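In what follows, chains carry the letters A, B, and so on, assigned in the order in which the sequence lines appear, proteins first and then strands, with residues in each chain numbered from 1. Since the structure is predicted, the reported quantities are computational estimates derived from the model, not experimental observations.
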Protein chains: 2
Amino acid sequence: MTSGESRPTTRADVARRAGVSTAVVSYVVNDGPRPVASQTRRRVLEAIRELGYHPNPSARALKTGSTGLIGVVVPEILNAYFSEFVDAIDVAARRRASSILLSITHEDAGTEKEVVASLVNRGVDSLIFNCRLVNTELYQAGDPRIPRVLLDRSTPVGEIPAFGADLAMGARLATEHLVGHGHTRIGYVGGPLPDDHADFRRDAWQTVLEERELPLLSPAITAWDRNGGHQGAQELLDRPEPPTAIFAASDQIAIGVMHALHQRRLRIPDDVAVVSLDGTAETAYSWPSLTTVRQPFEAMAEAAIAALTGPPEPGTRTLFPMTLQVRASCGCHQDQESLE
Amino acid sequence: MTSGESRPTTRADVARRAGVSTAVVSYVVNDGPRPVASQTRRRVLEAIRELGYHPNPSARALKTGSTGLIGVVVPEILNAYFSEFVDAIDVAARRRASSILLSITHEDAGTEKEVVASLVNRGVDSLIFNCRLVNTELYQAGDPRIPRVLLDRSTPVGEIPAFGADLAMGARLATEHLVGHGHTRIGYVGGPLPDDHADFRRDAWQTVLEERELPLLSPAITAWDRNGGHQGAQELLDRPEPPTAIFAASDQIAIGVMHALHQRRLRIPDDVAVVSLDGTAETAYSWPSLTTVRQPFEAMAEAAIAALTGPPEPGTRTLFPMTLQVRASCGCHQDQESLE
DNA sequence: TTGAAAGCGATACCAT
DNA sequence: ATGGTATCGCTTTCAA
């Protein structure tokens with residue numbers, strides 16, 4: 001109001017206006033570290049309001065050495081699975097007065113390198129890798145003092161602690177649930193994993209079948225998306241002895257699987273039952289609504305962020321239990337009015 | 001390697017190591033504004049590498065007066081509709097070497113206030129409001145010099161330019177497509193809008209029915225989510241003369257509508273056809289795949305960001321054309337193998 | 001082509 | 001309780 005449109009207001013303007021020193025302005029703004037007479041404080045506050053003063057965040061960050069920024073790297077955001085994590089991270093971050101600097105790699109090596117570098121160059125206080133990096137050196141990018149964690153991973157990369165869902169447990173829950181429904185031919189549709197990574201989902205599915213002495217159908221490995229699920233189901237159904245139940249390794253895959261089933265006029269769950277892993281929101285409104293094993297997104301994000309601020313725990317692995325969410329696609333009940 | 005673990009490396013360390021002044025280091029790092037002898041440059045570059053030097057972004061931002069941060073405010077990220085925008089914004093921002101500071105309001109007044117303030121206090125260069133703020137004063141938060149735009153809005157708020165899809169056009173395309181299929185009883189399911197906002201979607205739907213002299217069914221206004229669509233469809237179907245086609249005002253609503261239809265064992269599109277608005281990715285794999293009118297997310301985000309960096313155009317409104325994406329739910333064809 | 005040095009805006013110690 | 005001031009790391013003008 002009072003000031004012109006030229007130069008941003010600084011604390012010096014405020015100090016002059018309130019007739020105090022810049023130090024006092026700082027004490028008022030930050031509520032310390034020295035006390036200020038309530039009368040003086042009032043004057044300063046008023047000057048701040050009148051001048052429309054906003055502390056310069058860069059100057060503050062330079063002085064304090066902390067930006068309050070958390071870099072978050074995800075492969076994609078159009079996949080509801082990662083949206084769930086981002087949402088949970090956002091909540092946990094806000095609770096700590098931090099903001100999230102979001103980066104999407106699009107699973108492209110070039111983009112990946114670019115965004116990680118940019119995060120570091122923007123001075124993030126910490127990093128959350130909610131992704132699998134193609135160039136593994138990038139996990140260590142920037143100042144080694146920047147704390148970092150892996151989210152949605154069960155194996156640490158070097159010193160970087162990992163926070164992941166207990167996928168083996170989840171896959172077991174899903175498969176056993178299908179067994180409980182009396183199925184004997186239970187297929188698996190999932191995406192590929194790097195050679196050096198154990199596939200907990202597939203292994204657990206296989207283990208359950210072996211324990212129950214059920215036929216071990218060769219798994220359909222396609223891609224980690226809806227289309228992958230679609231392809232995978234086709235492959236399974238084209239076999240001489242198709243499965244009567246399918247365990248889909250992710251919700252997106254399950255959506256694709258069900259689409260393929262519908263196209264062939266197969267009834268779900270009567271002809272083929274489906275259970276998936278992840279527990280994203282969209283599964284409640286698929287047709288039929290999907291029985292899925294849910295990851296505790298909130299708890300995982302919270303723990304990851306807590307680890308970032310707490311004392312470092314190099315190379316740690318934290319596994320989170322998964323919970324079966326029973327709906328209609330497994331055959332437990334008809335799709336009812338009440339969802340969720 | 002050489003240095004201890006104590007203090008971050010600064011340009012002074014690099015200068016000392018390379019036997020040059022700090023100015024030269026700066027010239028090398030920024031490729032200007034003064035030329036540097038290639039030999040000297042090499043020495044500096046080497047010192048940088050050896051010391052593992054990273055310029056302090058806060059200091060740089062303080063000096064240059066720009067953080068390279070774009071604040072993005074969305075109501076929620078679990079809704080694929082907003083993920084589409086965030087994804088498009090991310091691409092456009094990276095093209096300009098900017099990073100996005102993501103904030104989610106959860107449509108809560110308190111959170112909304114908190115996140116907008118935090119964005120401003122973090123020194124964003126510009127703001128994208130991809131949301132409707134409860135507290136409209138917040139649109140003006142912070143330094144008035146921070147450029148800002150409205151994305152997904154067709155009406156400017158004060159000086160803030162708006163970039164939105166031509167919803168009237170979209171709704172018209174959808175409704176007329178249903179009319180083209182021979183439907184005469186076409187219902188509408190949508191969410192509520194603030195009293196002072198025109199509902200372009202509903203108005204256009206109504207206009208088309210009037211033009212064709214078709215019966216005007218009372219619209220079902222519920223909530224802007226899957227459950228809202230579910231409820232809305234129930235309401236429509238419970239009437240003495242239910243519609244044979246439904247225009248859903250958003251993809252999420254359409255998903256809910258179709259779920260309700262399935263529950264009543266109504267065939268889509270044979271018994272009731274459905275067309276929706278938005279064109280998010282999940283519609284391709286719903287059952288049946290959804291015919292929808294798509295917003296050009298990429299173009300909208302690109303234009304919004306361009307407006308942020310270009311000369312200000314106060315109070316401008318930019319409307320983007322929508323395109324019909326024909327799939328199976330309207331009755332055009334059976335759900336085929338090939339999905340978009 | 002290179003160096004010295006004056007800020008950018010805020011913090012907080014050391015005086016008073 | 002308050003004021004003066006060195007400092008954070010970098011950019012860039014001005015001089016050499």
Nearest-0.5 Å distance that lies between atom CD1 in B:Ile48 and atom CZ in B:Arg43 = 12.5 Å

So how far is it from A:Arg94 CZ to A:Ile305 CD1, rounded to the nearest 0.5 Å?
-> 11.0 Å

Which part of the nucleic acid does [X] contact within heavy-atom distance under 4.0 Å: base, sugar-phosphate only, or nothing?
X        : value
A:Gly123 : nothing
B:Ala23  : base
A:Val20  : sugar-phosphate
A:Val25  : nothing
A:Pro55  : sugar-phosphate
A:Arg60  : sugar-phosphate
A:Thr40  : sugar-phosphate

Is the CG atom of B:Asp195 crowded by more than 12 outside heavy atoms at less than 6.0 Å?
-> no

From A:Leu78, A:Ile77, A:Val74, residue fulfilling side-chain contact (heavy atoms from CB on, under 4.5 Å) relative to A:Ser83 = A:Ile77

So, is B:Asn30 near the phosphate of D:dC10, with a side-chain N or O under 4.0 Å from OP1 or OP2?
-> no

Under 4.0 Å: is that the gap between some side-chain N or O of B:Ser26 and OP1 or OP2 of D:dT11?
-> yes

Can you tell me the distance, in whole Å, between the [atom1] atom of [X] and the [atom2] atom of [N]?
X        : N      : atom1 : atom2 : answer
B:Leu62  : D:dT7  : CG    : P     : 17 Å
A:Asn56  : C:dA10 : CG    : P     : 6 Å
B:His54  : D:dC10 : NE2   : C1'   : 16 Å
B:Asp143 : C:dG9  : CG    : C1'   : 14 Å
A:Asp31  : C:dA12 : CG    : C1'   : 15 Å
B:Arg42  : C:dT2  : CZ    : P     : 12 Å
A:Arg16  : C:dA10 : CZ    : C1'   : 15 Å
B:Asp13  : D:dG9  : CG    : P     : 9 Å

By nearest atom, which of the nucleotides [options] is closest to the [X] side chain?
X       : options                : result
B:Lys63 : C:dC8, D:dG3, C:dA12   : C:dC8
B:Thr10 : C:dT1, D:dC10, D:dT13  : D:dC10
B:Tyr27 : D:dT11, C:dG3, C:dT11  : C:dG3
A:Arg34 : D:dT12, C:dT11, C:dC13 : C:dC13

Note, B:Ser154 side chain near B:Leu319 side chain (heavy atom, < 4.5 Å) = yes

Pick the nucleotide of DNA chain C nearest each of B:Ala59 and B:Val24; which residue has the one closer to the 5' end?
-> B:Val24

Nearest-nucleotide check on DNA chain D, B:Tyr53 vs A:Pro35; residue mapping nearer the 5' end is A:Pro35

Please work out which of the three classes, parallel, tilted or perpendicular, describes the rings of A:Phe163 and A:Phe320, given edges at 30° and 60°.
-> tilted

Is there a donor N/O on one and an acceptor N/O on the other, under 3.5 Å, for the side chain of B:Thr22 and the base of D:dT11?
-> no

